[in-house]
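Take a look at the structure below.
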Amino acid sequence: MPIKSYLAHPHTGKKNTLITALSTIANCEVIPAENKDLLIVVTDTNSKVEDENLKETIEAIESLKLLVMVSGFDTPKQD
């Protein structure tokens with residue numbers, strides 16, 4: 001299960017729009033920074049394919065200026 005964290009930088013004046021857009025995406029948690037115009041985004045997916053699709057979905061959001069991965073790891077799936 002890929003679990004990744006990102007810093008998401010919105011276009012100027014688009015922080016709330018970006019929060020709304022990210023909040024509607026499954027497997028995606030959004031935490032707004034209190035002192036900066038950026039968001040912390042944590043994703044948790046079931047496969048590498050699902051992870052890539054999720055990243056592409058996030059990167060397609062118009063209010064997103066820059067997405068930077070901070071940390072990522074892949075845990076073995078428990079059967």
Side-chain angles (χ1 to χ4, degrees):
M1 291 181 9
I3 300 172
K4 295 182 178 176
S5 62
Y6 300 90
L7 294 179
H9 298 266
H11 285 286
T12 303
K14 299 289 185 178
K15 183 177 179 180
N16 288 332
T17 304
L18 184 56
I19 291 170
T20 301
L22 289 168
S23 296
T24 63
I25 300 172
N27 302 324
C28 185
E29 182 177 341
V30 183
I31 305 160
E34 293 180 15
N35 62 346
K36 296 287 181 186
D37 196 23
L38 70 101
L39 309 171
I40 300 160
V41 180
V42 179
T43 62
D44 181 4
T45 54
N46 292 315
S47 68
K48 290 183 181 185
V49 171
E50 188 179 330
D51 180 61
E52 283 299 317
N53 291 337
L54 178 58
K55 185 175 179 235
E56 288 176 11
T57 300
I58 293 170
E59 289 175 333
I61 298 171
E62 289 186 22
S63 54
L64 177 69
K65 181 178 182 179
L66 177 67
L67 184 69
V68 180
M69 186 170 66
V70 177
S71 176
F73 61 93
D74 192 1
T75 59
K77 191 173 184 178
Q78 302 278 331
D79 291 326

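Taking CG from N53 and OG from S47, the interatomic distance works out to 8.0 Å, rounded to the nearest 0.5 Å. Summarising the geometry, atom CG belonging to D44 is positioned 10.0 Å from atom CD belonging to E29; distances are rounded to the nearest 0.5 Å. In this structure, CD on E52 lies 9.0 Å from OG1 on T45, to the nearest 0.5 angstrom. Between atom CD1 of residue I61 and atom CD1 of residue I25 there is a gap of 4.0 Å, rounded to the nearest 0.5 Å. With rounding to the nearest 0.5 angstrom, the CD atom of E62 is 8.5 Å from the NZ atom of K14. We find the OG1-CD distance between T57 and E50 to be 10.0 Å, quoted to the nearest 0.5 Å.
Residues C28 and L22 come closest through the heavy atom pair SG-O, 3.9 Å. Across E59 and L64, no two heavy atoms sit closer than the pair CA-CD2, 3.8 Å. Contact detail for L38 and P10: the closest heavy-atom pair is CA-CD, 4.1 Å. Nearest heavy-atom pair, L18 versus A8, reported as atom, atom and distance to 0.1 Å: CD2-CB, 4.2 Å. Between P32 and V30, the shortest heavy-atom distance links the atoms CD-O, 3.9 Å. Contact between M69 and Y6 at its shortest, heavy atoms only, is CA-CD2, 3.5 Å.
Judged purely by atom type and a 3.5 angstrom limit, K15 uses its side chain to pair as donor or acceptor with the backbone of K36.
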Q: Could you walk me through whether L7 and I40 pass side chain to side chain contact (heavy atoms under 4.5 Å, CB included), step by step?
A: CA-CA 5 Å; L7 294 179; I40 300 160; 4.1 Å; yes
